[in-house]
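The structure under discussion appears below in the form of structure tokens.
Lettering follows sequence order; numbering is per chain, from 1. The basis for the numbers below is simple: all heavy atoms, side chains too, and nothing from hydrogens, waters or symmetry mates.
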Number of protein chains: 2
Amino acid sequence: MGEGPTIGTIAERAGVSTASVSRVLNGLPTRPETVRKVLAAADELGYVPNSAARSLKSRRSHQVAFAMADIGNPVYLEMVREIQPVLKAAGYRLVLHSTGADVAEEIEVLRSLGGRYADGLILIPLRLTAELAAAISAARAPVVVIGSVPEEAGVDNVRTDSRLGVRLALDHLYALGRRRIAFVNGPLDTVPGAARAAAYRDALAALGLPYDEKLVEVGDFYRAEGAAAVRRLLAKGPDVDAIMCANDLIALGALDVLREAGLRVPEDVAVAGMDDTDLAAGAWPPITSVSLGSAERGRRAAELLLARLADDASAKAPRKVVSVRPELVIRASTKGGTR
Amino acid sequence: MGEGPTIGTIAERAGVSTASVSRVLNGLPTRPETVRKVLAAADELGYVPNSAARSLKSRRSHQVAFAMADIGNPVYLEMVREIQPVLKAAGYRLVLHSTGADVAEEIEVLRSLGGRYADGLILIPLRLTAELAAAISAARAPVVVIGSVPEEAGVDNVRTDSRLGVRLALDHLYALGRRRIAFVNGPLDTVPGAARAAAYRDALAALGLPYDEKLVEVGDFYRAEGAAAVRRLLAKGPDVDAIMCANDLIALGALDVLREAGLRVPEDVAVAGMDDTDLAAGAWPPITSVSLGSAERGRRAAELLLARLADDASAKAPRKVVSVRPELVIRASTKGGTR
DNA sequence: TTGTACGCGTTATCAA
DNA sequence: TTGATAACGCGTACAA
């Protein structure tokens, strides 16, 4: 763990100037003999360029930050899995931030971009307050938001139509003959929560089904909270023949509670989730889920950011919005075949 | 996205020298009046210190790297979840590396530490070659290895006794009356693969059960590969009454195949996994699994690294080894109660 | 083709 | 208490 060699060390050893060393290492035209000596010295010393010095000079950190609520959520995980290789291929390192869905922390991350530790940021806000929107616009580095963001923010944006997603699932349930379709949601003050609540109402209306408060319950986007919400739902004693869940974790919780209650899935109650994570595919019965293209959204976001970082021309291009189409993945929890 | 203010900008605005600005910002004794002016200017300008300049000067990046095979594996994910907050609390950012279990990539990560982009590294190698061991010893920053590493490497080490883990599971199965206990493993040229293979033999011997090749199958540590391995196992036509799987993903694959084959779990065949991930708890039936304390290993590793980084004294302290005890978490896949 | 010298933004030393 | 100034390691005009 000795002191690291610098271009100065190499210069001495090779008997040339630091400028020559720098030139060789950056592939600038140099006399072959010099190149040889420098490379030999660098190799012997195990030289690795100091990233701080390089960043300071070049004004580039070769890092990209990714900020989401909680890396434990499989949706974000899928995104990381896609983002990471895209960045790596372009020579960027990935810095991870778990914000706990706390707006203040998200704002802090945006602010810290001013320190230039990262060249850009991919952000997934859960709650979109005015302060957050302001902070996004004021960010000192390119930001790509996954999720919807007002146009005024002026940043690139990868979104999906979760309204259409809910619609797809409800159409499917309706086609299967279900008419008492409950909805278990996450917090209404979150962007996805609000959107999915509205989508549920709209979809019911489009199908000519009545909106019944007894069929709606709000918890949080986690398994235990989802289970609790479903328990409350059942306690209200409505005749339910399907449960639409605002994400897969809630759907898993629903399976737990239904099993507990001795109800068969899908014979007695069909269950559908959203996000189409591994958990949905891995559950028993496998859960029908609306894919919101997490992997694709992650990849597209990384690509958008890289495009911004590529050159000055594209850095000033107008904001781009990419939409990923939701898709219904039908499994045994709605239509099957559980044995 | 304007040009970032520097201490120079602040100095001008406040009518003082850059030295004073630096002093104020670092909390060194300064005249109150100066402090006020500087802070006001800094605030108005939205000043954020440049991290590259700071790192260059202080020789600290305030970043820690974490390198594992694949962030998609729930075990590593659990570790990240624990590591992240510990680092954050200490003022470090987390840089993520997925190496794809490729030794060359791991060596590259170790080498790149010479660039000082991170102050330390937490590494989980899957295969421990001589080159890797050499690279670990030669690393230019503190490294903590999760998993076993030879003493010569001289680095801090968080390990678990997977041998004991296998033993716990086999004892449990034996106590339940199972005598034909199969073992489905991952690649034998990986550290965990080799250790668990040996552990299986030992545990059988300790229980007085014969080692039967027909009961052993090797695949990979993933669900699909695990399923394929179990399929091959069943094709050999041994009378199996329990399957010990080298990790939870394999166990999930086993459930898939057993269900396919019309075998009941645990009545016909009991299934146990390792790692005790969420997937094991979430499966149906819930899978008995040996917890290797992933979360705790992650946390301890982060703490060990922080201790090394804390001050020069501890930086030179002798290597520390922390052991996390495995624990058997019994669920319905071995003992239950599935209806 | 090569070397000298300066600047990137901070911190730290030394006089004043 | 403060300001001028020298590093930190690298890249790059500019001069030789």
Let me check I have this right: for DNA chain C, each base becomes ., (, ), [, ] or |, based on Watson-Crick or G-U pairs with both distances under 3.5 Å. What is the full string? ||||||||||||||||

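- Rounded to an integer number of Å, the gap from CZ of A:Arg60 to P of D:dT12 is 13 Å.
- With sequence neighbours excluded, no residue satisfies side chain to side chain donor-acceptor pair (under 3.5 Å) with B:Thr18.
- Among residue pairs with one or both ends in residues 143-152 of chain A, none qualify as side-chain hydrogen bond (donor to acceptor under 3.5 Å, both in side chains); sequence neighbours excluded.
- Every residue was checked against the salt bridge (charged side-chain N to carboxylate O under 4.0 Å, His left out) condition with A:Arg319, not counting sequence neighbours, and none meets it.
- Heavy atoms of B:Ser55 sit nowhere under 4.0 angstrom from any nucleic acid atom.
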Considering only distance and modelled atom types, tabulate donor-acceptor pairs under 3.5 Å from the side chains of residues 62-75 of chain B, sequence neighbours left out.
from, atom 1, to, atom 2, distance (Å)
B:Gln63, OE1, A:Gln63, NE2, 2.9
B:Gln63, OE1, B:Arg93, NE, 3.0
B:Gln63, OE1, B:Arg93, NH2, 3.3
B:Gln63, NE2, A:Gln63, OE1, 2.9
B:Gln63, NE2, B:Tyr117, O, 2.8
B:Asp70, OD1, B:Gly72, N, 2.8
B:Asn73, OD1, B:Val75, N, 2.9

Base versus backbone protein contacts along nucleotides 8-16 of chain C [heavy-atom cut-off under 4.0 Å; B, S, -]: BBBBB----

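- For A:Glu44, the side-chain contact (heavy atoms from CB on, under 4.5 Å) partners are A:Arg13, A:Ala40, not counting sequence neighbours.
- Taking every heavy atom of both residues into account, A:Val149 and A:Leu128 meet most closely at CA-CD2, 3.9 Å.
- Taking the side-chain contact (heavy atoms from CB on, under 4.5 Å) definition, one finds that A:Ala301 meets it with A:Ile122, A:Val144, A:Ile146, A:Val158, sequence neighbours left out.
- Judged as a salt bridge (charged side-chain N to carboxylate O under 4.0 Å, His left out), and not counting sequence neighbours, the contacts of B:Arg127 are B:Asp189.
- Across all strands shown, A:Val21 has no heavy atoms under 4.0 Å from either base or sugar-phosphate atoms.
- The shortest distance between the side-chain N/O atoms of A:Ser20 and the OP1/OP2 oxygens of C:dG3 is below 4.0 Å.
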